[in-house]
Amino acid sequence: MTHTQTTGRPTTPAPSFLLAGEEKPCWYAARPGVRFCDPGEAERLLRSSRAAAGLGHFRAARVLLHGGRPHQVALWCVELRNHARTAAWATAFGALRSEALLHLGDLPAAEYEATTARDSGGHHHGMLGPWSTALLAESLIEQGRHEEAAARLGGPSDGTALCDLPPLRAHGRLLLALGRPGDALAVFARIARLARHTTGLLPHLPWRSDMAEALLQLDRREQAHELLTEELASPGPGPRERGVALRLLSATEAPERRLPTLSRAAVELRRSDDRIELTRVLSDFARTLDTLGEPSIGEAFRRRAAGLLSA
């Protein structure tokens, strides 16, 4: 299999991990082995494979996404979906494309892909239905369509299966957007308890950052700072997760110390092509500069943030 922008087919045999296993697709298929692979190596492995797309290709694409390459993942998933070994894997690659588009801030496209994944059979595959529903809800939340997101999600699941984690996290994100940080914190605490016991299976879940965001809304800055410091010290976060954690960390600091932290956040988010989170960083720059008595510079950051949103 080759990338959509290349021609011809390679003669290199498919790497063994790309051929391994016929496991049913699920959102967390990111291990073993390939999770800590370099993103460039993951893409090379994708380019070298002529096998029908399945588990190994999904793992490699997850490596790219974790490594801050959502644009490449969005492109790859089109081809991987077209060459999927089963209909279930085609649905999984469509859902992963939606996740990549969410990272890119292309919310209408993310919504479309999540809806397509859900309607094309996600509800027939126990691991895929909740994930595609969660992705749809996340895209709606980011667009401010909270009632629609709530209707898609329903109430928070009481289940403890790994497939329950994406909709549970989306429910927590919805509660934050609705100004209910206490309820959101309880949801994120449930995720933390499950994630702590399943670290060998899951891609990185930024539950510490989620909890910290809820704590910040509750004005519990010291607890938020502790969680974010722990998040940044762990080996798991990719550039997107580090950027989000740094942005939130800046909110726990005195105004005169925030700008360097926000600068670090901006570097990480530019690496990961996350337009929405970068917009939030620029807005935080503007507010901080206003506080520091530099409103004219702050206004320049507001214009940059508005430009990103309209791009």
With side chains defined as the heavy atoms from C-beta onward, is the minimum distance between Arg169 and Pro206 less than 4.5 Å?
yes
Between Ala286 and Gly298, what is the shortest heavy-atom contact and its length?
CB-O, 3.2 Å
Just by distance, do the side chain of Arg247 and the backbone of Val281 share a donor-acceptor pair under 3.5 Å?
no
So which atom in Leu128 and which in Ala88 form the shortest heavy-atom distance, rounded to 0.1 Å?
CD1-O, 3.4 Å
For the pair Trp207 (side chain) and Arg193 (backbone), establish whether a donor and an acceptor sit closer than 3.5 Å, ignoring hydrogens and angles.
no
Beyond-backbone contact of Leu46 with His57, side-chain heavy atoms, under 4.5 angstrom
yes
Expected output: side-chain Ser98 to main-chain Gly94 donor-acceptor under 3.5 Å
no
Side-chain contact, heavy-atom cut-off 4.5 Å: Arg258 with Thr261?
no
Atom of Phe93, atom of Ala84 and distance for their closest heavy-atom approach
CD1-CB, 4.3 Å
Let me see the working for Glu111 and Gln143 under side chain to side chain donor-acceptor pair (under 3.5 Å), right down to the final yes or no.
CA-CA 10 Å; Glu111 178 187 350; Gln143 294 176 76; 3.1 Å; yes
So among Glu231, Glu241, Arg240, which one has a side-chain hydrogen bond (donor to acceptor under 3.5 Å, both in side chains) with His204?
Glu231
How close do Ala100 and Leu65 get, counting heavy atoms only, and between which atoms?
CA-CD1, 3.9 Å
His171, Met211, Arg180, Arg173 screened by side chain to side chain contact (heavy atoms under 4.5 Å, CB included) with Val187, the one that passes:
His171
Let's go through Leu185 and Leu175 carefully: what are the C-alpha distance in whole Å and the side-chain angles of both, what is the deciding distance for side-chain contact (heavy atoms from CB on, under 4.5 Å) to 0.1 Å, and is it a yes or a no?
CA-CA 9 Å; Leu185 185 61; Leu175 290 169; over 6 Å; no
Backbone N or O of Gly236 within a donor-acceptor pair of the His66 side chain at under 3.5 Å?
yes
Salt-bridge criterion met for Arg221 and Asp219 (N-O under 4.0 Å)
yes
